[in-house]
6 protein chains.
Amino acid sequence: MAIVRQKIERADPAVIDALARAGVATVHEAQGRTGCLAAHIRPIYSGAQVAGSAVTISAPPGDNWMIHVAIEQLQAGDILVLAPTSPCDNGYFGDLLATSAQARGCRGLVIDAGVRDIRDLTSMGFPVWSRAISVQGTVKETPGSVNVPIVCAGQAIDAGDVIVADDDGVVVVKRDEAKAVLQNAQVRLDAEEAKRKRLAAGELGLDIYDMRGRLADKGLKYV
Amino acid sequence: MAIVRQKIERADPAVIDALARAGVATVHEAQGRTGCLAAHIRPIYSGAQVAGSAVTISAPPGDNWMIHVAIEQLQAGDILVLAPTSPCDNGYFGDLLATSAQARGCRGLVIDAGVRDIRDLTSMGFPVWSRAISVQGTVKETPGSVNVPIVCAGQAIDAGDVIVADDDGVVVVKRDEAKAVLQNAQVRLDAEEAKRKRLAAGELGLDIYDMRGRLADKGLKYV
Amino acid sequence: MAIVRQKIERADPAVIDALARAGVATVHEAQGRTGCLAAHIRPIYSGAQVAGSAVTISAPPGDNWMIHVAIEQLQAGDILVLAPTSPCDNGYFGDLLATSAQARGCRGLVIDAGVRDIRDLTSMGFPVWSRAISVQGTVKETPGSVNVPIVCAGQAIDAGDVIVADDDGVVVVKRDEAKAVLQNAQVRLDAEEAKRKRLAAGELGLDIYDMRGRLADKGLKYV
Amino acid sequence: MAIVRQKIERADPAVIDALARAGVATVHEAQGRTGCLAAHIRPIYSGAQVAGSAVTISAPPGDNWMIHVAIEQLQAGDILVLAPTSPCDNGYFGDLLATSAQARGCRGLVIDAGVRDIRDLTSMGFPVWSRAISVQGTVKETPGSVNVPIVCAGQAIDAGDVIVADDDGVVVVKRDEAKAVLQNAQVRLDAEEAKRKRLAAGELGLDIYDMRGRLADKGLKYV
Amino acid sequence: MAIVRQKIERADPAVIDALARAGVATVHEAQGRTGCLAAHIRPIYSGAQVAGSAVTISAPPGDNWMIHVAIEQLQAGDILVLAPTSPCDNGYFGDLLATSAQARGCRGLVIDAGVRDIRDLTSMGFPVWSRAISVQGTVKETPGSVNVPIVCAGQAIDAGDVIVADDDGVVVVKRDEAKAVLQNAQVRLDAEEAKRKRLAAGELGLDIYDMRGRLADKGLKYV
Amino acid sequence: MAIVRQKIERADPAVIDALARAGVATVHEAQGRTGCLAAHIRPIYSGAQVAGSAVTISAPPGDNWMIHVAIEQLQAGDILVLAPTSPCDNGYFGDLLATSAQARGCRGLVIDAGVRDIRDLTSMGFPVWSRAISVQGTVKETPGSVNVPIVCAGQAIDAGDVIVADDDGVVVVKRDEAKAVLQNAQVRLDAEEAKRKRLAAGELGLDIYDMRGRLADKGLKYV
């Protein structure tokens, strides 16, 4: 049950970078309001906005051994994504592992567990989205798996899927849908820009989106 | 059951602005330690300190339609206050709605649910106090109500009540008590200033508040 | 049941200060991965890194009377540590109490409950690690105890134990182990520095720590 | 701020008893899907199904003094409803208070806090719906209020409102709507009985409620 | 995005029934300690022990429309499995839907949300494993999907996977592994029976499993 | 750091058995409202009421190896008490371990983690008080300690302390205070019996405890 898949497919780097610029909220809408990880996954510092290919890790509770294994599988532009096999807040990851991951071009970590060395990670500019901040240390006793399908914070993630993360949280885009999602996202961004101007000028969404009739049909009464 | 009350009473704008300056902790004490929303309601960025008249929204879980309706009811100086009819973390509100609300003079949003576009809201200076940050999108299918009495994060709030919010959280002041609460708050602020000086000089609260006798009466022993 | 122990032993100030510089994660590892408080205890602002001798407070839920009593027991370099006798999020502590504690040389507060006046505490540079931020006020009706053994956020703490706190959270070091823990911490810090350089240069933890054989023995397969 | 309202209006006893027989789910639907208390309020034993007039209690965290005061206000057929002024799991209520309340005809307790003596309460047949079971004792130091408006588990409740409680949880019916809600409930119960027979015979809700066209209009595809 | 897959593969009925008899804990171990749903999923009454083929439902928060659609897809021996697209405690399911599902041979429901009509479901013998019990009603406004891959309570589930549920919770077995898992389970059950006798006779696990040497090697000291 | 203390002191068996009969709520009050474990610790079935000497276990998250070690240390009348070194819901304990513990006279288990095989444990009459019910299996890789001081669900517990547990939860009595606590408990039980009769006859607590004057002094007003 403990395996490392060494060869994974990744999406087009240009698409990945464009998804990062679009941001989590837009990408999530562009793929039909799916794919966002649970709201308990929060950035350890604000302002980071990244996208990358998922190198997935399935690890036992309180055991961070597989992060060392996963780092060897990293390519520049990847993001580590770790799901414990049962709920755990322990600090799986700190500044030494971040140094190693960063040396291999890793863009960040998404983890449904805890991390530590927050001050160092912040000053290194290595972004992490986690469930908890905890110094509670881990052991290296039980292997898990790398680049297998995982469920992380409520979303099924395959190795090579595109992870987009910013101050709003994290969304996963299936690898083979990345290009289409980006196109939708671009359409949304263009439309939003026009709407933003009209709203800023004082026009109402009720009128821009022509909602008054449908609201009345559904029984809304003004008193 | 889906109604919009178009005419609400508001408190005196000068009183509202003075309550903002007093801050949440002082206002809460000034009205007898009542009115504070549950501690899970947190600001999306730090440093904002505002007060305004509540425009209340009762909305279904996962449905943000009524925010568009509520925005039309806003007057300059108002604060939107949304309670879902059952617990929900979805991101009901983002930068487009904030642009529209801000265009109408809205001072912020208090929501017992989620918001998104955190980076944009921060750069716009549109403060939000929320239960969660989540990109999970919402639908526009079921009307709710605007300016009806709601329960938000454990407090009963009527349209036109004064909402005060800062880094400590959110407190509601009943509209017709706003002036009296402000007077109490001013008395507290003056008294606190005097105490702060004595405490900073090393005097003990035990002596300033004359607590030693009562502690002994209640059985406190020094060993 | 309500007592104040007036005389407590403290660790060597030089050791305490050196533990502060080592930081929470390193100290926690240096004492065998024990002593860290639960992850729900978080700093109210980032960047503080302190250590001090615990002045412990056992207080009823919603009653902050004993903080006044505890402040009289403070010596320069101490940290207040409060555990409610049952779970409580109320705001036990604000800027006036911080002013008083700071006047006596107190370095901070660790509290498994709530605090308020966040903006003031931040501008005063008085760090707090708490379970919640809440303005909900407290009463002064029921005595508790000061400098008795308490359980705070899952850790047993005696008066005079060393508290180390930073952005990662809080760890407690037993008073009579402080010196030995510091020595271990120093060894770790030196070793980490060397490893950091090798990892930054691209070497893998798998090789530095010689993990490949043991992973294979435990059944890890590369595919 | 500490008052006891001694005279409250109650709904018609026959209406109250009929609402008990209708049950929580039906009553909740009959009043437009409103009024149900949060799902964390659970019965301490299963099988009880009651309704009664609310005698409301607002009490400090960890202080059960006002329950004694409220018991004097009870009439036969009433239900005690307690909301702490801030979140608290303490055991406010046990077999002695239940004996006293039962002696005055009280039908049960709804409490957004803890209770104890579960075995005794069960054998006495005194039903309780609570947030927690906890032996943690309380003090009698700070008065609260009786028969004032409260917010309990997310619902605004006035003294004299009708409380309906069963294995599904608790719903509140505003006193002056009780009769109309009962009529709606009766209509629902009759309609449900007919539907139950058709569904039991294998007919589909898709056909009984004529949903196929509307689902297709909204884009549902069969593949 | 809203689809109903009408044709799904199911595992061998004899294998499914044998997995039910093996029970959740044994099946979970037999497939390498994987597949168990999060511990917040609990049975509404105790004593049920079932297995069946998953008919999966992805539904919006607070919208139970797709349950009607899914019921048409049921075959005798199936179990409904519903995951909301974002966290929701609402009562999606009650006695009428259970009557309809039971009429089509459905063996139960697993739902990462709420249910109601607990007393009726219990007397009907229709078992449910849920996150919450709540009467809060739902709407029928937005289609979801049936028999698509879902993530329910942290596990990825495909239509036709085998669901095993009892008082311990719920485990999912991938359809094409069901037979092999059953064989492992049978081996475990046989081995457990022998061990149970030795343990009941007072032999120690330390000796039966020959653990003393390995514990000493790992540093365990008796004092 | 991994040790087994083989020799522990226990309280007088007659005192322990009498504490079991007094029950958790009475014992908790009799020792000054201290010692009760957090309310998240619940019995897996109702009706059990036991007391015993604590054999304590400190175990890593997701690793149940030390339970085997602890069972060898059991004497008739003991209760196992396990605290994981960081939060964990895994199922550490099931019917085989219960068979082994029961064979050695163990009266039950208190565990701030998960258990499984609920149906078997119930039919064996082996009571457990736990944080969770979960089948998620554990490993046997990392030693912990037996009969060391632990913190379990917020209470500091030493080996040999008396554990009392019933439907209300769990309370710990320090070994050397057990006799005195029992005497207080007996006094309470006698007094309660007299009060119960008066309350059942309709007398009010307000009068029995002579509260009216003190309530008026504290400002309670009847309106």
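Proteins come first, then strands; the chains are lettered A, B, ... in the order of their sequence lines, and each starts at number 1.
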Is the shortest side-chain heavy-atom distance between E:Met211 and F:Val69 below 4.5 Å? no
Option that, when pairs with chain E are counted at under 4.5 Å, heavy atom only, ranks first among F:Ala103, F:Gly114, F:Gly144, F:Ala101: F:Ala103
Quick one: of E:Gly169, E:Gly35, E:Gly47, E:Gly23, who has the most non-hydrogen atom pairs under 4.5 Å with chain F? E:Gly47
Pairs of donor and acceptor atoms, chain F with chain E, under 3.5 Å:
unit_1: F:Ala2; atom_1: O; unit_2: E:Lys221; atom_2: N; d: 3.0
unit_1: F:Val4; atom_1: N; unit_2: E:Lys221; atom_2: O; d: 2.7
unit_1: F:Val4; atom_1: O; unit_2: E:Val223; atom_2: N; d: 2.8
unit_1: F:Gln6; atom_1: N; unit_2: E:Val223; atom_2: O; d: 3.0
unit_1: F:Glu72; atom_1: OE1; unit_2: E:Arg212; atom_2: NH1; d: 3.0
unit_1: F:Glu72; atom_1: OE2; unit_2: E:Arg212; atom_2: NH1; d: 3.3
unit_1: F:Glu72; atom_1: OE2; unit_2: E:Arg212; atom_2: NH2; d: 2.9
unit_1: F:Asp95; atom_1: OD2; unit_2: E:Arg196; atom_2: NE; d: 3.0
unit_1: F:Asp95; atom_1: OD2; unit_2: E:Arg196; atom_2: NH2; d: 2.5
unit_1: F:Arg116; atom_1: NH1; unit_2: E:Glu29; atom_2: OE2; d: 3.0
unit_1: F:Arg116; atom_1: NH2; unit_2: E:Glu29; atom_2: OE2; d: 2.8
unit_1: F:Asp117; atom_1: N; unit_2: E:Asp168; atom_2: OD1; d: 2.9
unit_1: F:Asp117; atom_1: N; unit_2: E:Asp168; atom_2: OD2; d: 2.6
unit_1: F:Ile118; atom_1: N; unit_2: E:Asp168; atom_2: OD1; d: 2.8
unit_1: F:Arg119; atom_1: NE; unit_2: E:Gln49; atom_2: OE1; d: 3.4
unit_1: F:Arg119; atom_1: NH2; unit_2: E:Gly47; atom_2: O; d: 2.8
unit_1: F:Arg119; atom_1: NH2; unit_2: E:Gln49; atom_2: OE1; d: 3.1
unit_1: F:Val135; atom_1: O; unit_2: E:His28; atom_2: NE2; d: 3.2
unit_1: F:Gln136; atom_1: NE2; unit_2: E:Arg33; atom_2: O; d: 3.4
unit_1: F:Gly137; atom_1: N; unit_2: E:His28; atom_2: NE2; d: 2.8
unit_1: F:Thr138; atom_1: O; unit_2: E:Arg33; atom_2: NE; d: 3.4
unit_1: F:Thr138; atom_1: O; unit_2: E:Arg33; atom_2: NH1; d: 3.3
unit_1: F:Thr138; atom_1: O; unit_2: E:Arg33; atom_2: NH2; d: 3.3
unit_1: F:Lys140; atom_1: O; unit_2: E:Arg214; atom_2: NH1; d: 3.1
unit_1: F:Lys140; atom_1: O; unit_2: E:Arg214; atom_2: NH2; d: 2.9
unit_1: F:Glu141; atom_1: O; unit_2: E:Lys218; atom_2: NZ; d: 2.7
unit_1: F:Glu141; atom_1: OE1; unit_2: E:Arg214; atom_2: NH2; d: 3.0
unit_1: F:Glu141; atom_1: OE1; unit_2: E:Lys218; atom_2: NZ; d: 3.4

What option among F:Val135, F:Ile67, F:Ile44, F:Ile118 has the most heavy-atom pairs under 4.5 Å with chain E? F:Val135
